[in-house]
Amino acid sequence: MSIVPKETIEVIAQSIGITNLSPEAALMLAPDVEYRVREIMQEAIKCMRHSKRTTLTASDVDGALNLRNLEPIYGFASGGPIRFRKAIGHRDLFYTDDREVDFKDVIEAPLPKAPLDTDIVCHWLAIEGVQPAIPENAPLEVIRAPAENQIYQQKDGPLIDIRLPVKHVLSKELQLYFQKIAELTMSKSNPSLFKEALVSLASDSGLHPLVPYFTNFVADEVSRGLNDFLLLSNLMHVVRSLLQNPHIHIEPYLHQLMPSVVTCLVSRKLGNRFADNHWELRDFTANLVALICKRFGNTYITLQSRLTKTLVNALLDPKKALTQHYGAIQGLAALGHNVVRLLVLPNLEPYLSLLEPELDAEKQKNQMKSYEAWRVYGALLRAAGLCIHDRLKIFPYLPSPSPSFLNKGKGKIISTEPNKRKLSVDSSSAMQVDKPMGDDNPPQNSVQPSSSGQASDGNAPESRNAKEKEGSKGRAITMKAILDQVWKNDLDSGRLLVKLHQLYGDRILPFIPSTEMSLFL
Amino acid sequence: MDPEQLDEFVMGYLKKKGFNGAAKQLQEALHNNNNNNGTGSSSSFNSTDYHNDPELTKLIRSFSQSENDPTRYRNGYSNLRSWAYNSLDLYKHELLRVMYPVFIHCYMDLVGKGHTQEARAFFNSFRKDHEMIHLRDLQKLEGVLVPSHLEEMEFARSLRQSKVNIKICQYSYDLLLQYLHRTESTLMLGIINEHINFQVYSGQPNSSSDDIDAVTIVGSFQETADHVNQKEIQWGLLEDSLEDRLEKTGSLLTDSEKGQGESKDGDVDDSNKKRSTEIGKQGSSLKKLKKDKAGNATAKVARQETSTVSPAPRVKSELALPVMSTDVEESILEDLRNRVQLSSVAMPSVSFYTFVNTHNGLNCASISHDGSLVAGGFSDSSIKVWDMAKIGQAGSGALQGESDTNDQVAGPNSRRNYTLLLGHSGPVYSATFSPPGDFVLSSSADTTIRLWSTQLNANLVCYKGHNYPVWDVQFSPFGHYFASCSHDRTARIWSMDRVQPLRIMAGHLSDVDCVQWHPNCNYIATGSSDKTVRLWDVQTGECVRIFIGHRSMVLSLAMSPDGRYMASGDEDGTIMMWDLSTARCITPLMGHNSCVWSLSYSGEGSLLASGSADCTVKLWDVTSSTKLTKAEEKNGNSNRLRSLRTFPTKSTPVHALRFSRRNLLFAAGAISKPTS
């Protein structure tokens, strides 16, 4: 029957005060109502067309009613779309969301910003039949290539499926840009300019067409330039900038990019000179990998698992060089504490036993080897330490101590780790330590209380860690009772801590908030 | 057929018609017949007559079926439909053409007999078949549910009264008749007989889809249209027009060039100077100047070639045309001399005026003939006129000296940089500039047309005459006269000095949506919601041509500069090129997928530009589409797409287009924020 059900007619009749409408009358009226509404809507469409619009508005309907000498419907010409709400319990019943407005609120509300005045902007849509590539014009080339292909296919019918290769046209400007960036990356002579380039890469909005070229460039150069430390470092910075750029859709190119990045993390050799600080590059790349996993881990579920698999394989293969182990550990550590806890800690004991002979200065004559071994040891220690620190921090967040309390905390430093080996955790890895820690408890960093209780061996980085621990310690004391309770519950962490202590000796202690440590010791 | 059953039918029929006596007799006879069955049949009534004659049987059967049974329509139609869809591919498209008229008349029959519910069900189950082509009609018809609506609705009435012409080949026609007879679907046969007029031709069926006028839904109307289109029209250009004069002076120039080389140099210098001063006056950018210069050299050569190809006939003007001041004449001549020759290989430059912050209020835009003035009509009854030349100058001034003009720049920046014309009391639907750009006419929903002066920035005259919103108003090519069209289904001719219309053109069956002047000012064309375009003689007020072929309302019109062709764009994005003398569509130009708001021919008529709601400006090659028709007649089919270029904008529907006299294309539109 008609779209308008007779119930609607009855309801409307009631609403305007006609109570004795017979059902037959409603039945007769319903089709006519539909016809009239359709008529009005057709007139409204005419008004819409003459207003050069393709969406119908309430004013068009008013215009149509006007044409018919009917009174317009008031209250809908607000400009914005009318919000309809579903009536609860009825599937097809809607009502307009008409809130009651308090006059006081309206009067007291600040005046809305005046709308911008109409203006005209002039630009060249085409010059002698060619559209100039200016921001006012729609990006033409990207749109056109596939469209032409489609037309071509349609003409030929469904039988012949000819796909023309999509011609990717790069504008002159983009080509120049790419060349310049590539040159800068390769030349390494102008660090300040390169920095500018990185900023541009990280922020420019029009670079998307270049992404495939950049990924290709990075992959090529990494495979070719493994001996060139600076180049690799530059390339990784380029990758980081590309990842940072919010206007670039880099996901389709990740699979090309990842091998190069992982190479820079776990390659046996990065750079050929002794002076090359490839540790730093590995640390940087580790962070990069973590960044990628964080951003795309949700869309590509296999990404992180594949990555950790690669890294763990590299770590557990005793034939691999220590540098590779270091990269793997850093990579895993950067992926987060859970990864460390699940993948590194179980393997810690056998691994350390393997590492032990290398660490011993007497047994290992090769100075370089020994240095590398200590590096790996340091990285492992840090990873494990941060992991356990994180475990311990799960406890309820404690209120920050009062300033007076902090002042009270001045005391002497007790060296708990009599570290005789001079090649222990060095500054570079300590800097890395600082970064994640700083995020966790920023308020303490500004104040620099000396520790009264436990502290580090006096090594600059360790002591800095210790200072941070101090803060948590201060809080810990106030909440000692609670903490004890929680601490006892967390037997798992306790066991872990015991194990770590066995493995590392006292070196693990700086990572552990003092109260907990006192408890466990 | 079972004779017993047949007898029953006859009985039923007799009873229904009230022949009770006859029914009784028949019953008795039948009774006797049955009793005597074993002995012999000759003694009975003449029952054998109708038992043995198949024709009669059929007739009886058709009578016997209860006439009010709505399912008959459904069954008959669906059988016919499946038969047509299963027919041979060669004849299928011709047979399918029959389906639409049958469909709508079945529907209207059902409605007419009061079977509202069945009609709606029938309509919904088969509407999909016809939506492709007849969507607009279906939307209109869908609302018809009660017999009284059929009477009330003009469209339905005209459908009921008129016949549909369908071109069909002999074999298809025979197939159809055979089918209808074999299946005894008298109902369908009746509808087809009543409402379809077959134009049977011998030979092979036409290949599908290229015959746009194979089905014309307006039968009796078609005859009047044919009749109207017999009339003679003088589509030639005006004699002694500026273009004529230009050709004369052009040839003079070449003569003098031959004679004396020195004066030629002087001439060129002179014209360069003139041009530069003029450009300064127009305030157009440097790019334009360069372009015009570049095109100038080629232009002269090409012009001489084309002028010999097809000299359009000259006609006298039937209107008293205004006298043009010599200054204006000079500047026009100068523009014509500097016109860039366009063709399929020489594309124009397009300058786009984008309206920003219109808050969805821009109803129309108009560009003056030199492109320096832009007017926008808004739904809040206002008209805003921008002088692009001034804006350009202000901008360059600010660039040149920032320090000393600081105060001056701040002044104009703080106030608005357009002139606001207030006076209408309803949405402004159209605006048009007089050729020299000194007047603006605007039409509005308040049923008035207003004349504004761009020099005084004030309203001069209010023309009242239409009874409903005035959709469109257009100045004649020479100014002074203007044409308007309205929802009241009329188009009117006015002159600036009278407040009453000079002519009223009535005849369209629905709103007149757009109007356009013929270049020689003797005719106007109007496009309407009744899907036709009409050409009217301005002097007599008679309709001289009816162009049938559009499938939805006509939104824009353009006349070729030589007066021979006309282009019209509709709501679906189809553009049709018409030959004015034959009233035939030369070719439909398909490509836009939304309303074509604006059309414009280039100065010498070689290109057609179209602006659409799909945010593109398209350029069409007119010369090839007119030439190819001859080849097409021979080949039967060829590629119809002669789109040369498509210029997409950044989500800006194109409201207005204008080729300047120098063949620079101006376009205007309001940017619409992409809805997310």
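Owing to the predicted nature of the structure, the values given are computational and were not obtained by experimental measurement. Within every chain, numbering begins at 1; the chains are lettered A, B, ... in the order of the sequence lines, protein sequences first and strands thereafter.
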Looking at Thr649(B), Val374(B), Val350(B), Val146(B), which one has more heavy-atom pairs under 4.5 Å with chain A than the rest?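 Of Thr649(B), Val374(B), Val350(B), Val146(B), Val350(B) has the most heavy-atom pairs under 4.5 Å with chain A.
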Measure the acute angle between the ring planes of His50(A) and Trp471(B), then classify it against the limits of 30° and 60° as parallel, tilted or perpendicular.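 Geometry flag for Trp471(B) against His50(A): parallel rings.
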Find out whether [X] and [Y] are in side-chain contact, i.e. whether some heavy atom of one side chain is under 4.5 Å from a heavy atom of the other.
X         : Y         : value
Ser510(B) : Lys46(A)  : yes
Asp32(A)  : His149(B) : yes
Asp117(A) : Tyr418(B) : yes
His487(B) : Glu43(A)  : yes

Side chain, backbone, both or neither: which part of [X] has a heavy atom under 4.5 Å from chain A?
X         : value
Ser529(B) : side chain
Glu118(B) : neither
Asp513(B) : both
Ser594(B) : side chain

Taking only distance into account, with no hydrogens and no angle test, what donor-acceptor pairs under 3.5 Å do side-chain atoms of residues 13-22 of chain A form with protein atoms, sequence neighbours excluded?
unit_1	atom_1	unit_2	atom_2	d
Ser15(A)	OG	Ile12(A)	O	2.7
Ser22(A)	OG	Ala25(A)	N	3.2

Could you please spell out the steps behind the side-chain contact (heavy atoms from CB on, under 4.5 Å) verdict for Lys52(A) and Tyr429(B)? CA-CA 9 Å; Lys52(A) 303 245 189 322; Tyr429(B) 286 122; over 6 Å; no
Suppose a student defines contact as a heavy atom less than 4.5 Å from any heavy atom of chain A. Which residues in residues 352-362 of chain B would they list?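 Near chain A, by residue number: Phe352(B), Tyr353(B), Thr354(B), Phe355(B), Val356(B), Asn357(B), Thr358(B), His359(B), Asn360(B), Leu362(B).
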